[in-house]
Each structure stands twice: as structure tokens, then as C-alpha cells.
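Below is one structure, written out as C-alpha cells; the observations come after it.
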Amino acid sequence: MPKNKILILDGKLDDIRAMEELLKNEGYELTVSSDGVDGLNKAYVEFPDLIILDLVLPVLDGFEVCSSLKQSERCKNIHIIIATAREELASEGMKKIGADDFILKPFTEEMFLKKVKAVLAKSK
């Protein structure tokens, strides 16, 4: 069975490392980026099953990244979890850009993995 591909797109390297470690231990195939333009390009090329998306990113913010993906015929069905420390941005972001779910930072390992697995289960 092929592994799910996940793109972690977050502006903080410490957050990327923490999520990367958790997801690698679960056997997911990972790509990471800390910049909105680079992350968007990686999404178009690698076509991940899920993007974990911070809303505060350099160059293009998470709202712009998600909007671009949702307008793309090829990428509009990629699942997205918003990961942010700002609850008001997360709930606004989900409505505005069509994300599947959100998780507030800091989060527990258990909650993070539960959200990832739940969103990926939607695509089966």
C-alpha cells in the first residue's frame, strides 16, 4: 500500500522539525517548506495527499497558498489542515479558503496525529 504524501508548509523551522519527526515515525512520505511560494510550487509538482499549512508564511501567506490550490483544477482536492497559534485565523481561514480542519499550536502529539489520520481517511 503506498504511503500518504504530506507537505508541511510552516514558517517556523522548529515547528516543521516537530511535525516532521511525528509524521516520519508514522511512516508518511514528507516534503517540507518554510516559504509560501516554494510550498505552492512543491504542491503543484509533488501533488501531496495532505498539506499542513501555517497561515503566517514569508512571501505568500497561507491564505494565498490555499486559495491558489483550491482554484487549481489539479490541486483543488488536496486536503489541508491549518496549523496556527491564532484561533481566530484558523476558524476564519477554514471558512474563507476551504480547509478540511485546523489545529491550534501548541498541540499535543496525540491530537496532531488524530487530525492527520482523520483528514487522510476522507480520501479513501
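Reckoned from all heavy atoms, side chains included, excluding hydrogens, waters and symmetry mates.
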Between CD1 on residue I78 and CG on residue L53, distance to nearest 0.5 Å: 11.0 Å
Residues in side-chain contact (heavy atoms from CB on, under 4.5 Å) contact with Y44, at least two apart in sequence or another chain: L40, S68, L69, S72, C75
Shared hydrophobic cluster, V59 / V65 (ILVMFWY, side-chain heavy atoms < 4.5 Å): yes
Student check: side-chain heavy atoms of L57 and S34 closer than 4.5 Å: no
Electrostatic pair K12:D54 at N-O distance under 4.0 angstrom: no
Any residue meeting side-chain contact (heavy atoms from CB on, under 4.5 Å) with E64, in chain and number order, not counting sequence neighbours: L60, D61
Set of residues satisfying side-chain contact (heavy atoms from CB on, under 4.5 Å) with respect to N41, sequence neighbours excluded: V37
Sequence-distant partners of V119, side-chain contact (heavy atoms from CB on, under 4.5 Å), two or more places apart: L50, H79, I81, D100, D101
Spacing of K115 atom NZ and F102 atom CZ [to the nearest 0.5 Å]: 6.0 Å
From CG (L113) to CZ (F107), nearest 0.5 Å: 9.0 Å
Please tabulate, one pair per line, all N/O donor-acceptor pairs under 3.5 Å involving side-chain atoms of residues 24-32, not counting sequence neighbours.
residue	atom	partner	partner atom	Å
N25	ND2	E21	O	3.3
E26	OE1	K117	NZ	3.1
T31	OG1	E46	OE1	2.4

Listed once per pair and sorted, the salt bridge (Lys or Arg N to Asp or Glu O under 4.0 Å) pairs that draw on residues 33-42, sequence neighbours left out: D38-K42
Spatial distance of atom CG (L104) from atom CZ (F112) [nearest 0.5 Å]: 13.0 Å
Heavy-atom closest contact (S33 atom, G39 atom, distance): OG-N, 3.3 Å
Spatial distance of atom CD1 (I6) from atom CG (L23) [nearest 0.5 Å]: 4.5 Å
Distance, nearest 0.5 Å, that separates NZ of K114 from CD1 of I103: 10.5 Å
With I52, the side chain to side chain contact (heavy atoms under 4.5 Å, CB included) member among I16, L9, V116, D10: V116
